[in-house]
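Just below is one structure, and these are the notes that go with it.
Both counts, for ligands and for their atoms, begin at 1 and track the order of listing. Worth knowing before you read on, the calculation uses all heavy atoms, side chains too, and leaves out hydrogens, waters and symmetry mates. Residue indices begin at 1 and follow the sequence shown.
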Amino acid sequence: MVTGEVASLNPFLIAQRQLDEAAGVLKLDRGLHELLRWPLREFHVRIPVRMDNGSVRVFEGFRVQYNNARGPCKGGIRFAADETVDTVRALAAWMTWKTAVVDLPLGGGKGGIVCNPKELSPGELERLSRGYIRALAPAIGADRDVPAPDVGTNPQIMAWMLDEYETIVGHAAPGVITGKPIPLGGSAGRTGATGLGVVIAIREALAALGMDPASTTASIQGFGNVAQYAAIHYREVLGGRVLAVSCWDHKDRRAYTYTKKGGIDPRFLQTITDTFGTVDRAKAEQAGYEALAGDAWLGLDVDVLIPAAMENVITADTVGRISGRVKILAEAANGPTTPEADQVLQKKGIYVIPDFLCNAGGVTVSYFEQVQNAYNFHWDVAEINRRLDEKMTKAFHAVHDAAKEHKVPNRVGAYLVAVERVAEAVKLRGWA
Ligand code: GLU
């Protein structure tokens, strides 16, 4: 039996609840609504891995292909110790709405392996990554389902996965996976794309609220790939100041919030951060940074809050700590806000840029990566960023306008835009 509290934090139940609200506004018919509430297919695999000490450990993995009405399934793979099939289902649902809201010819999927990548040697990580692809090779492909990086995975892991897939099928197939290193067919601009997309969405929200970006401040949770580039672009594209970033310290097994008078320098912090997003505390303190409690980022007096780490951080318990100064919540993470907290944000009048809109920059450039692979051609970073800006800006305004027109919160507005597009494709195919 799950208690009410635990059930209310189950990401998949949250994703279904969010869809239900939009289905009500759209008056979706029952069969169609039911079809969109569940993944179309999912794979549960066991992956045996020879560990460095000679023993065999069996890992559990998932790939959820949520919906492919608009095109091949698309979405990252997470390596996380607390991964569950329901988390992967929720993330796969959000990928379906994400690719639709930015109008890509793709569906939604997600993968995960229950493991702690920080405890695995590079050799063990490689064997695990290759084992996952051996288990799933028949189910993926550029025209079936296209994985990418997410929490706990990176371009090197994508390289091993690509190599394993190409070895199995016996020919080059770069479009099977995105977020690859550039020499293997990765795209210019992919690494910073999610963070840049977040900042483009914030730029549009600030304009809608009549605020001058250069005089704004932000506080960020996380210092992994998304947070690092959100911080960099917040300074360099908007000219605003980032007052804090918070990150998990895997040596101390706790989080810290790093602040500095006048704002942090993300490019400097990047030089003292490991591949798992942990800032070296001693070096940061030496450079004049103060290490506050891990959750301090949420209560700072800033204009923009950017959760860029994990799900369920803004909850009924924590939402009250948000300062009265905050005008925008930019959800760079997937699923950072619970429905209970959403209601409070609405009452406070905070402008929410919902996750699957806010962080769609990553998958958008993943799509550009696939297009370049198909043409066996490269665009430069200026071309990528120009196309990304176009997609993000258009999606932002579609959501903003839908929310205004229907007098609903932005999250519901985003669902209205995305679900309507997926529903149309489902109906055209005659599925419902
Ligand atoms: N993992 C990223 C996301 O959640 C990117 C997915 C992709 O590029 O396919 O959007």
Side-chain angles (χ1 to χ4, degrees), residues 11 15 62-68 70-80 83 87-102 104-113 140-142 144-155 157-158 161-162 174-181 185-198 200-201 222 224-230 277 307-311 330-336 353-373 384 387-388 391-392 395 414 418:
F62 311 105
R63 184 74 192 171
V64 173
Q65 297 178 341
Y66 198 88
N67 193 289
N68 61 351
R70 288 174 49 86
C73 295
K74 183 83 193 82
I77 301 171
R78 301 215 304 188
F79 284 7
E83 199 70 318
T87 312
V88 182
R89 285 174 177 149
L91 291 161
W94 290 325
M95 284 309 304
T96 305
W97 315 134
K98 192 180 304 191
T99 54
V101 88
V102 274
L104 305 177
L106 295 167
K110 202 85 178 195
I113 299 181
I140 62 172
R144 285 183 194 160
D145 179 7
V146 184
D150 200 272
V151 173
T153 54
N154 57 33
I157 290 176
M158 299 306 111
M161 290 183 168
L162 173 75
V176 68
I177 199 157
T178 61
K180 302 180 289 290
S187 176
R190 176 64 185 86
T191 308
T194 311
L196 178 57
V198 167
I200 292 168
N225 171 271
V226 176
Q228 288 176 22
Y229 287 95
M310 299 300 277
E311 56 275 0
E331 295 182 336
N334 290 310
I353 309 175
D355 52 3
F356 66 77
L357 166 66
C358 191
N359 65 34
V363 74
T364 301
V365 176
S366 275
Y367 165 65
F368 298 156
E369 182 173 329
Q370 276 201 295
V371 173
Q372 294 168 88
N373 292 154
I384 296 282
R387 289 176 183 267
L388 171 64
K391 279 279 184 203
M392 287 299 299

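For atom 9 (O) of ligand 1, the nearest non-hydrogen atom of the protein is Lys74 NZ, 2.7 Å. In terms of protein heavy-atom proximity, atom 7 (C) of ligand 1 is nearest to Ala148 CB, 3.4 Å. Protein heavy atom at the shortest distance from atom 8 (O) of ligand 1 is Ser366 OG, 2.6 Å. Shortest contact from atom 2 (C) of ligand 1 to any protein heavy atom: Asp150 OD2, 3.7 Å.
Here Arg190 pairs with Ser366 under the side-chain hydrogen bond (donor to acceptor under 3.5 Å, both in side chains) rule; sequence neighbours left out. Contacts of Gln65 classified as side-chain hydrogen bond (donor to acceptor under 3.5 Å, both in side chains), with partners at least two apart in sequence or in another chain: Arg41, Asp145.
The nearest pair of heavy atoms linking Val198 to Ala330 is CG1-CB, 4.5 Å. Pro72 and Pro105 make their closest contact through CD-O, 3.8 Å (heavy atoms, listed as atom of the first residue, atom of the second, distance). Ala193 and Val365 make their closest contact through CB-CG2, 3.5 Å (heavy atoms, listed as atom of the first residue, atom of the second, distance). Nearest heavy-atom pair, Trp94 versus Phe356, reported as atom, atom and distance to 0.1 Å: O-CB, 3.7 Å.
Annotation: side chain of Lys98 is in contact with side chain of Asn359 (closest heavy-atom distance under 4.5 Å).
Contacts between Pro149 and ligand 1 below 4.0 angstrom, taking non-hydrogen atoms only, involve the backbone exclusively. Contacts between Lys110 and ligand 1 below 4.0 angstrom, taking non-hydrogen atoms only, involve the side chain exclusively. Under 4.0 angstrom from ligand 1, there are no non-hydrogen atoms of Leu91.
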Could you go through Tyr367 and Val102, starting from their C-alpha distance and side-chain angles, then the distance that decides it, and tell me whether this counts as side chain to side chain contact (heavy atoms under 4.5 Å, CB included)? CA-CA 11 Å; Tyr367 165 65; Val102 274; over 6 Å; no
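Interface atoms of ligand 1 facing Asn334, defined by a heavy-atom separation under 4.0 Å, are 4 (O). Close approach of ligand 1 to Gly75 is summarised as follows: ligand atoms under 4.0 Å from at least one heavy atom of the residue are 9 (O).
When Lys98, Arg78, Arg190 are ranked by how near their heavy atoms come to atom 3 (C) of ligand 1, first place goes to Lys98.
Within the structure, ligand 1 lacks Gly179 among the residues with a heavy atom less than 4.0 angstrom away.
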